[in-house]
Amino acid sequence: MTYSGAVKVGGPADVHELQNLMISKVAVGPMDNNAYLLRCRATDEQLLIDAANDAGTLLTLIGDDGIASVVTTHQHGDHWQALAEVVVATGARTYAGRDDAEGIPVPTDVLVGDGDTIRVGHVELTARHLVGHTPGSIALVYDDPHGHPHVFTGDCLFPGGPGRTTQPDHFQSLMSGLEAKVFSLPDETWIYPGHGNDTTLGAERPHIAEWWARGW
């Protein structure tokens, strides 16, 4: 079936099948968080993005093959409620942004900075540090050699605008980072956010000026 990215808490995962990578999206928890399981098709190694909530659902999605690593996109509590349980069950290596790791109550094995590479099997993800929603938020870019880029943005970019910021300089920092590090990618780039439906850069790009004007 065609991937839509529309998922509901308690409902099935939606699977985006790429040539080298399978991406399974599931919604968990009272804040409708998205978690993404990435599976390298060549090696079957798996990586989880945001062990947000409902460890049972996540561990069922992961299955018997386990995961090699789990990446937390940022330090807000709704994105790591299941992290401790998932790590204990799988022995996964933990990754988080260098400037957010202290706010995550599970030790971070690998501190991630801008431009760092995280691997899942033969697939490489490039981290982009975005300051504003939190000090150390990271987006993960998969530049598919057989298609267009795919970006896991955490809470930094959603359909309809950037993530929440609490003061003007934080908003300016987040928007500047998004323009330089995310919107520099082509319109076909697929966006997987931390909550809600997916989008593309082409759908969002025409609205950048109005986001700047409204200030959120």
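Sequence positions, counted from 1, serve as the residue numbers for this chain.
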> Are Ile118 and Phe152 connected, step by step, through hydrophobic side chains (Ile, Leu, Val, Met, Phe, Trp, Tyr) whose heavy atoms are closer than 4.5 Å?
Replying inline: yes
>> In this structure, would Val7 and Leu48 fall into the same cluster of hydrophobic residues linked by side-chain contacts under 4.5 Å?
In response: no
> Got a second to check how far Thr199's OG1 is from Glu204's CD, nearest 0.5 Å?
Replying inline: 3.5 Å
>> Please determine whether a side-chain nitrogen of the Lys or Arg among Arg164 and Asp155 lies less than 4.0 Å from a carboxylate oxygen of the Asp or Glu.
In response: no
> Going by heavy atoms in the side chains, are Tyr142 and Val123 under 4.5 Å from each other?
Replying inline: yes
> For residues 88-111, which residue pairs qualify under ring pair (Phe, Tyr, Trp, His ring centres under 6.0 Å), counting only residues two or more places apart or in two chains?
Replying inline: none
> Taking side chain as C-beta onward, heavy atoms only, is Thr73 less than 4.5 Å from Ile49?
Replying inline: yes
>> As a quick check of understanding, evaluate side chain to side chain donor-acceptor pair (under 3.5 Å) for His170 and His133, giving each step before the final call.
In response: CA-CA 7 Å; His170 292 176; His133 182 66; over 6 Å; no
>> Do Leu130 and Ile138 have side chains that approach each other closer than 4.5 Å (heavy atoms only, starting at C-beta)?
In response: no
> side chain to side chain donor-acceptor pair (under 3.5 Å) between His207 and Glu210: does it pass, once the steps are laid out?
Replying inline: CA-CA 5 Å; His207 305 289; Glu210 66 189 68; 3.1 Å; yes
> Which is it for His195 and Asp78 under the side-chain contact (heavy atoms from CB on, under 4.5 Å) test, yes or no, and what are the steps along the way?
Replying inline: CA-CA 10 Å; His195 305 262; Asp78 60 309; 3.1 Å; yes
> Do Leu37 and Val26 come close enough that some side-chain heavy atom pair is under 4.5 Å?
Replying inline: no
>> Aromatic contact between His150 and His16, with the criterion being ring centroids under 6.0 Å apart: yes or no?
In response: yes
> Going through the distances and angles, do Ile191 and Asp198 end up as a side-chain contact (heavy atoms from CB on, under 4.5 Å)?
Replying inline: CA-CA 6 Å; Ile191 300 298; Asp198 299 356; 6.0 Å; no
> For Asp14 and Ser4, does a side-chain donor sit closer than 3.5 Å to a side-chain acceptor?
Replying inline: yes
>> Tell me if the aromatic rings of Trp212 and Phe171 count as close, with their centers under 6.0 Å from one another.
In response: yes
> Below 4.5 Å, heavy atoms only, C-beta onward: do Val151 and Trp190 meet side chain to side chain?
Replying inline: no
>> Testing the basics here: between Pro193 and Phe158, what is the closest heavy-atom pair and its distance to 0.1 Å?
In response: CB-CD2, 3.7 Å
>> Would you say CD of Glu179 has more than 12 non-hydrogen atoms from neighbouring residues, nucleotides or ligands within 6.0 angstrom?
In response: yes
>> Salt bridge check, Arg119 against Glu45: does any charged N sit closer than 4.0 Å to a carboxylate O?
In response: no
> Would you say the side-chain atoms of Asp100 pair up with the backbone N or O of Gly97, donor to acceptor, closer than 3.5 Å?
Replying inline: no
>> Looking at Met31, I want to see if its CE is surrounded by more than 12 non-hydrogen atoms of other residues, nucleotides or ligands under 6.0 Å.
In response: no
> Does Ser176 use its side chain to pair, donor to acceptor, with the backbone of Gln172 at less than 3.5 Å?
Replying inline: yes
>> For the residue pair Thr134 / Ser137, report whether a side-chain donor-acceptor contact shorter than 3.5 Å exists.
In response: yes
>> Are there over 12 heavy-atom neighbours, none belonging to Trp216, within less than 6.0 Å of that residue's CH2?
In response: no
> Judged by modelled atom types alone, do Asp143 and His148 share a side-chain donor-acceptor pair under 3.5 Å?
Replying inline: no
